[in-house]
Chemist: 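This is the structure, below, for whatever I ask next.
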Number of protein chains: 2
Amino acid sequence: MKYNEAKDKFIQTWGTLGSSWGISRTMAQVHALLLISPDPLSAEEIMEDLKISRGNANMTIRDLIDWGLVYKELRAGERKEYFKAEKDIWKVAKQIIKERRKREIEPVLGVLEELKQMEGNKTDKKHKALVDAVTNIEGVVEKADFALERAIKLDENALVGALFKLFK
Amino acid sequence: MKYNEAKDKFIQTWGTLGSSWGISRTMAQVHALLLISPDPLSAEEIMEDLKISRGNANMTIRDLIDWGLVYKELRAGERKEYFKAEKDIWKVAKQIIKERRKREIEPVLGVLEELKQMEGNKTDKKHKALVDAVTNIEGVVEKADFALERAIKLDENALVGALFKLFK
DNA sequence: TTTTATTTTCAATTTATTTTGAAAGTTCAG
DNA sequence: CTGAACTTTCAAAATAAATTGAAAATAAAA
């Protein structure tokens with residue numbers, strides 16, 4: 001496989017993965033393109049490379065910036081804007097999880113809290129089943145939060161360990 | 001809030017969450033309905049409750065069964081099939097992760113392996129950036145796998161601990 | 001075997017999402 | 001100011017995804 005085929009395959013694979021996880025295919029593709037670009041790209045270059053319209057490129061880049069995955073870079077004496085992606089995939093993963101939690105999970109947790117306050121006979125089978133499901137879901141969110149924290153700590157410790165080895 | 005409002009809100013909230021994670025809104029709603037049903041439901045009941053067609057109900061239920069989230073129940077002397085959901089949300093979460101890994105992540109890992117074999121000058125900036133991104137992604141998948149394993153073990157240990165306390 | 005209850009399939013339709021592109025907006029140099 | 005270089009917006013169009021419903025298939029009962 002030549003570089004260009006590999007590049008296209010990477011972009012298309014990332015796009016498919018994104019779209020199966022509820023991220024627009026184009027957004028994932030722009031992200032993929034920036035991930036493998038050694039240098040920042042302009043909107044023009046992104047449009048041309050992925051064959052998308054200016055409007056689409058603009059909106060997609062804005063979304064990626066809002067998600068904290070892409071940075072804008074201005075060059076002295078140039079009006080055009082350039083964009084580069086965060087290349088550390090572990091940081092990217094943490095950032096995506098953080099954003100998805102905030103945007104998609106937290107509003108649900110709010111609703112679940114309300115639901116638990118529902119009036120009515122707490123010993124009714126249906127009433128109880130709903131409260132049980134809600135409580136159970138909240139518990140799993142806690143477990144997931146804890147697992148993430150542990151994974152982050154483990155990574156930080158590994159980093160400290162590696163640095164320590166270097167300087168010992 | 002009355003039970004029926006709470007029920008509807010739960011179903012609609014779960015549907016919205018599912019659809020933002022790339023699961024069809026209806027599939028998530030059927031799942032939600034079964035999660036809070038104390039007793040198994042027939043296709044008829046699901047259709048009526050969620051106001052969906054027979055075809056849609058049938059396909060959605062089949063998908064949920066394929067995902068390992070819903071079980072079919074046959075009753076002696078009755079032709080109709082009934083469906084019930086796995087109620088333990090931690091099991092549900094593990095099952096969803098397992099399925100998504102198999103269906104969506106593993107094929108990507110296969111492609112990434114191929115991409116690393118790409119021919120060409122390994123010192124070329126663009127070539128190197130692609131290989132770096134791929135390697136980096138593979139590393140994060142490993143971290144995620146490990147974090148999940150640790151979370152599962154932690155949960156199992158907590159269970160053993162609780163049982164031990166009971167019988168000590 | 002025939003009838004009846006039930007499930008499954010899938011082409012056609014509907015609905016939701018994404019994309020385009022041209023006009024409006026912005027910003028800065030001259 | 002004015003115009004050139006660029007970015008942003010958003011209604012309309014295109015595309016993709018979900019849904020329907022009726023016909024076909026299946027399977028138990030008569």
Side-chain angles (χ1 to χ4, degrees), chain A residues 11-34 40-67 70-84 100 103-104, chain B residues 11-34 40-67 70-84 100 103-104:
Chain A
I11 290 171
Q12 112 90 21
T13 300
W14 206 240
T16 303
L17 181 64
S19 90
S20 76
W21 284 75
I23 284 153
S24 103
R25 165 173 260 91
T26 299
M27 179 161 151
Q29 287 180 338
V30 171
H31 187 224
L33 174 61
L34 290 172
L41 300 179
S42 66
E44 300 284 341
E45 291 168 307
I46 293 168
M47 286 163 59
E48 186 180 326
D49 207 318
L50 301 177
K51 284 129 177 64
I52 59 175
S53 70
R54 180 172 301 284
N56 196 2
N58 182 272
M59 289 168 116
T60 299
I61 292 165
R62 169 155 31 77
D63 283 349
L64 284 166
I65 292 173
D66 289 347
W67 274 79
V70 164
Y71 314 116
K72 194 179 281 196
E73 195 177 84
L74 299 173
R75 289 182 187 172
E78 261 200 276
R79 239 199 254 190
K80 208 180 290 193
E81 299 174 327
Y82 290 82
F83 306 96
K84 64 178 181 195
R100 296 199 84 149
R103 294 171 189 225
E104 295 151 6
Chain B
I11 291 171
Q12 113 89 21
T13 301
W14 206 240
T16 303
L17 180 63
S19 90
S20 76
W21 284 75
I23 285 153
S24 104
R25 165 175 260 91
T26 299
M27 178 161 151
Q29 287 180 338
V30 171
H31 187 224
L33 175 60
L34 290 172
L41 299 180
S42 66
E44 300 284 340
E45 290 168 309
I46 293 168
M47 286 164 58
E48 185 180 326
D49 207 319
L50 301 177
K51 284 132 177 64
I52 60 177
S53 70
R54 180 172 299 285
N56 195 3
N58 183 273
M59 289 168 117
T60 299
I61 292 166
R62 170 157 28 78
D63 283 349
L64 284 166
I65 292 173
D66 289 347
W67 275 80
V70 163
Y71 314 115
K72 193 180 283 194
E73 196 177 83
L74 298 173
R75 289 182 187 171
E78 258 199 277
R79 222 130 126 183
K80 210 178 288 193
E81 298 174 326
Y82 290 82
F83 306 96
K84 65 179 179 193
R100 296 200 84 150
R103 295 171 189 224
E104 295 150 7

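Numbered from 1 within each chain, the chains take letters A, B, ... in sequence-line order. Reckoned from all heavy atoms, side chains included, excluding hydrogens, waters and symmetry mates.
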Chemist: Considering only side-chain heavy atoms of A/R79, which listed nucleotide, D/dC6, D/dA27, C/dG21, is closest?
Modeler: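 Selected nucleotide: D/dC6.
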Chemist: Just the rounded figure in Å: distance from P of C/dT27 to CG of A/L74.
Modeler: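 Distance, rounded to whole Å: 12 Å.
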Chemist: In whole angstroms, how far is the C1' atom of C/dA5 from the CZ atom of B/R75?
Modeler: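 Distance, rounded to whole Å: 16 Å.
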Chemist: Which whole-number value in Å describes the distance from B/L50 CG to D/dT19 P?
Modeler: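 To the nearest whole Å, that distance equals 11 Å.
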Chemist: Nearest to the side chain of A/E81, heavy atoms from C-beta on, is which of D/dT7, C/dT19, D/dT20?
Modeler: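 The answer is D/dT7, which lies nearest to the side chain.
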Chemist: What is the distance from CE of A/M27 to P of C/dT17, rounded to the nearest Å?
Modeler: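 After rounding, the gap between these two atoms is 16 Å.
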Chemist: Tell me: CD of B/E44 to P of C/dT7, nearest whole Å?
Modeler: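 About 7 Å, once rounded to whole Å.
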Chemist: Taking CD1 from A/I65 and P from D/dT7, how many angstroms apart are they, rounded to a whole number?
Modeler: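 After rounding, the gap between these two atoms is 11 Å.
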Chemist: Taking the side chain as everything from C-beta on, heavy atoms only, tell me whether A/R62 gets closer than 4.5 Å to A/N58.
Modeler: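 With C-beta onward as the side chain, the pair touches.
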Chemist: Taking the six-membered ring of B/W21, is the NZ or CZ of B/R100 close enough (under 6.0 Å from the centre) and on axis enough (within 45°)?
Modeler: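 That pair does not qualify as a cation-pi contact.
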Chemist: Regarding B/R54 and B/E44, does a basic nitrogen lie under 4.0 Å from an acidic carboxylate oxygen?
Modeler: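 The answer is yes: the pair qualifies as a salt bridge.
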Chemist: Going from OG1 on B/T13 to CG on B/L17, what distance comes out if it is rounded to the nearest 0.5 angstrom?
Modeler: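 Those atoms lie 9.0 Å apart.
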Chemist: Just checking, is any N or O donor in the side chain of A/W14 or A/Q29 under 3.5 Å from an acceptor N or O on the other one?
Modeler: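 There is no such pair between these side chains.
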Chemist: Show each protein N/O and nucleotides 9-18 of chain D N/O combination with a separation under 3.5 Å, one pair to a line.
Modeler:
residue : atom : partner : partner atom : Å
D/dT9   : OP2  : A/R62   : NH2          : 2.4

Chemist: Measure from CG on A/L64 to P on D/dT8 and round the result to the nearest Å.
Modeler: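 Distance check: A/L64 CG to D/dT8 P gives 14 Å.
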Chemist: Taking the side chain as every heavy atom from C-beta outward, state whether B/F83 and B/I61 have any atom pair closer than 4.5 Å.
Modeler: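 Yes, at least one pair of side-chain atoms sits under 4.5 Å.
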Chemist: Whole angstroms only, please: what is the NZ-C1' distance between B/K51 and D/dG21?
Modeler: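 After rounding, the reported distance stands at 18 Å.
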Chemist: Measuring from A/K84:NZ to A/L34:CG, what's the distance to the nearest 0.5 Å?
Modeler: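 The distance works out to 11.5 Å.
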Chemist: Identify, between B/T60 and A/F83, the residue whose nearest nucleotide on DNA chain D lies closer to the 5' end.
Modeler: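 Looking at the nearest nucleotide for each, A/F83 comes out on the 5' side.
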